[in-house]
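Okay, structure first, notes after.
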Amino acid sequence: MDPTELSRELRRDPEPKSDLLRSVARELVLPAFAFYMERLPKLEEAIPDFRSLNPEPSAKSRETVEAIRLAEGIQRTLIELEGPGVAALPKFTATTDEEIDRFALKARAHFLITLEDQQESKDARSFYVLVRRKIEQLGIVVLQDSFPREDGSGFCLAHKAHPIILVNSKQQTRARRLFTLVHELAHVLMGQTGISDPFVRKNVIERRCNRFAGSFLAPKSYISGLLGARVTPDPDLDDVRWAARKLKLSQEATVLRLEQLSIYRAGSHSKWLALVHSDNPDYSKEGGGGKQPPAQEKVKLAKFGFAFATAFKRFLDQGLISEINLYRTSGLKPKYQRSYFDFVNSLSANELRNLELDDG
């Protein structure tokens, strides 16, 4: 609606049309009755945007605000019901590249992600699930939701006991989500809440988080074991695709990391960007169809993850939360709750290693 028209409609006498108020409320992610209250309801603080030069809150789309509210509601419930939470996590205080590289390797060992895990994962899709699961096994809740990519690739809500990471599933390939996940893990280990895009690096914090993510996912000591001897210092698109498949990383993360390690020549990232133009291979084209609908328990696992299932199954079993209140907290319908929780608990070690998850 044109701003002038909206202003006129909001000032009409005796009052604006209810349909208009409902539409405005929906965009602001507010209940419509808030406009009739004498005092504004307490609103959640907007989270900082780390893509800006000086991280501070910025306007977001309705879908993004809804994703943030989802994560905040889940975190609030975990705190109120005193879920088990995380054990002591390594604190990210390193500042120099060498210190960050050492810390990232230490953090990877803390989460028990081995070179063999990376070598034996058949592709980036399966390695993403493995890394996500191992992060969640230590109590960090990892969610997925879809919101406009212009608003960022993911965000984290820091907390001493109940940190939450949410990865934007909108068009990001699993390889790109993997880098986003570990970038947000860096924010968790820093204790900093905020929204990010790992490939928008306008401030020191984002550069540190990116260095951590690259060092965590492709430690210098692992490169020869993952790539072998065949590395071209001046890569073309095929060379980058090949290296990304071997590393199980996104193509952009691959070229950035290998240039960082001087395995690729300086300027390789800029050259790669020029070659791909606007057709970034780390973003998938949505749509398609024609295949069978995925099993709902897998869709729920992709969205809510492993740690959520463990915590909320326990709350349900102990009578600390009802099915309807769990639905109010997360949007997870009662008819799917038990089947999703049972599916997670039934997975064998071999099934976990080969698990394929769909966004639905």
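The figures here come from the full heavy-atom set of this structure, side chains too, leaving out hydrogens, waters and symmetry mates.
Salt bridge annotation for Glu120-Arg353: present, with a cationic side-chain nitrogen under 4.0 angstrom from a carboxylate oxygen. Using a cutoff of 4.0 Å between basic side-chain nitrogens and carboxylate oxygens, Arg62 and Glu66 are scored as salt-bridged. Between Lys60 and Asp49 there is a salt bridge, since a side-chain N of the basic residue sits under 4.0 Å from a carboxylate O of the acidic one. Remark: Lys271 engages Asp234 in a salt bridge, criterion side-chain N to carboxylate O under 4.0 Å. Here Arg125 pairs with Glu356 in a salt bridge; the nearest charged N to carboxylate O distance falls below 4.0 Å. For the pair Arg338 and Asp317, the salt-bridge criterion is met [side-chain N within less than 4.0 Å of a carboxylate O].
With hydrogens and angles disregarded, no donor-acceptor distance shorter than 3.5 Å links the side chain of Thr232 to the backbone of Pro235. A distance-only check finds a donor-acceptor pair linking the side chain of Asn354 to the backbone of Asn350 [under 3.5 Å]. When atom types are taken as modelled, the side chain of Thr173 and the backbone of Asp282 share a donor-acceptor pair closer than 3.5 angstrom. Although no hydrogens or angles enter the test, the distance criterion places no donor-acceptor pair under 3.5 Å between the side chain of Lys170 and the main chain of Pro148. Judged purely by atom type and a 3.5 angstrom limit, Arg132 uses its side chain to pair as donor or acceptor with the backbone of Ala302. At least one donor-acceptor pair under 3.5 Å links the side chain of Thr329 to the backbone N or O of Asn325. In this structure, Gln75 contributes its side chain and Leu157 its backbone to a donor-acceptor pair below 3.5 Å. A distance-only check finds no donor-acceptor pair linking the side chain of Glu252 to the backbone of Asn280 [under 3.5 Å]. Checking side-chain atoms of Glu136 against main-chain N and O of Val141 turns up no donor-acceptor pair under 3.5 Å. One N or O on the side chain of Glu259 and one on the backbone of Gly267 form a donor-acceptor pair closer than 3.5 Å.
Between the side chains of Gln251 and Arg245, not a single donor N or O lies within less than 3.5 Å of an accepting N or O. Donor-acceptor pairing under 3.5 Å is recorded for the side chains of Thr64 and Ser61. Asp117 and Thr114 form a side-chain donor-acceptor contact under 3.5 Å, judged by distance and modelled atom types alone. Between the side chains of Gln171 and Arg176, no donor-acceptor pair is found at a separation under 3.5 Å. Side chains of Ser348 and Glu351: a donor on one and an acceptor on the other come within 3.5 Å. No hydrogens or angles considered: nothing links the side chains of Asn210 and Arg207 as a donor-acceptor pair under 3.5 Å. No hydrogens or angles considered: a donor-acceptor pair under 3.5 Å links the side chains of Thr180 and Gln172.
Distance CG/Leu357 to OG/Ser169: 12.0 Å, rounded to 0.5 Å. The CZ atom of Phe111 sits 12.0 Å away from the NZ atom of Lys106 when rounded to the nearest 0.5 Å. The distance from atom CD of Gln119 to atom CG of Leu226, rounded to the nearest 0.5 Å, is 5.5 Å.
Aromatic rings of Phe315 and Phe312 (six-membered ring for Trp) have centroids within the 6.0 Å cut-off, being under it. The ring of Phe50 has its center closer than 6.0 angstrom to the ring center of His187.
Shown here is Gln137, whose CD atom has more than 12 heavy atoms of other residues, nucleotides or ligands within 6.0 Å. Arg12 CZ: more than 12 foreign heavy atoms inside a 6.0 Å radius. Around OH of Tyr222, the count of heavy atoms belonging to other residues, nucleotides or ligands within 6.0 Å exceeds 12. By the neighbour-count criterion of 12 heavy atoms within 6.0 Å, atom NZ of Lys246 is sparsely surrounded, having that number or fewer from other residues, nucleotides or ligands.
Nearest approach of Arg177 to Asn168, heavy atoms of both residues: CG-O, 4.2 Å. Between Leu258 and Ala243, the shortest heavy-atom contact is CD1-CB, 4.1 Å.
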Given Thr310 and Arg314, is the side chain to side chain donor-acceptor pair (under 3.5 Å) satisfied, shown in steps? CA-CA 6 Å; Thr310 300; Arg314 178 185 172 204; over 6 Å; no
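Two residues are said to be in side-chain contact when any heavy atoms from C-beta on lie closer than 4.5 Å; Phe92 and Arg208 meet this criterion. Contact of the Ile263 side chain with the Ile223 side chain is registered, since non-hydrogen atoms from C-beta on lie closer than 4.5 Å. Annotation: side chain of Ile47 is in contact with side chain of Ile68 (closest heavy-atom distance under 4.5 Å). Looking at Lys248 and Asp123, their side chains never come closer than 4.5 Å, going by heavy atoms from C-beta outward. Side chains of Pro219 and Arg108 form a contact here, defined as non-hydrogen atoms less than 4.5 Å apart. Considering only heavy atoms from C-beta on, Val142 stays 4.5 Å or farther from Phe308 through its side chain. The shortest side-chain heavy-atom distance between Phe179 and Thr254 does not fall under the 4.5 Å cut-off.
With a 6.0 Å cutoff to the six-membered ring centre and a 45° limit on the axis angle, Lys300 does not count as a cation-pi contact of Tyr340. The cationic group of Arg149 lies under 6.0 Å from the six-membered ring centre of Tyr283 and within 45° of the ring axis, placing it in a cation-pi geometry.
The aromatic rings of Phe212 and Phe103 lie tilted to each other, with the angle between the two planes from 30° to 60°.
Residue Asp101 forms a side chain to side chain donor-acceptor pair (under 3.5 Å) with just one option from Gln260, Lys220, Arg211, and that option is Arg211.
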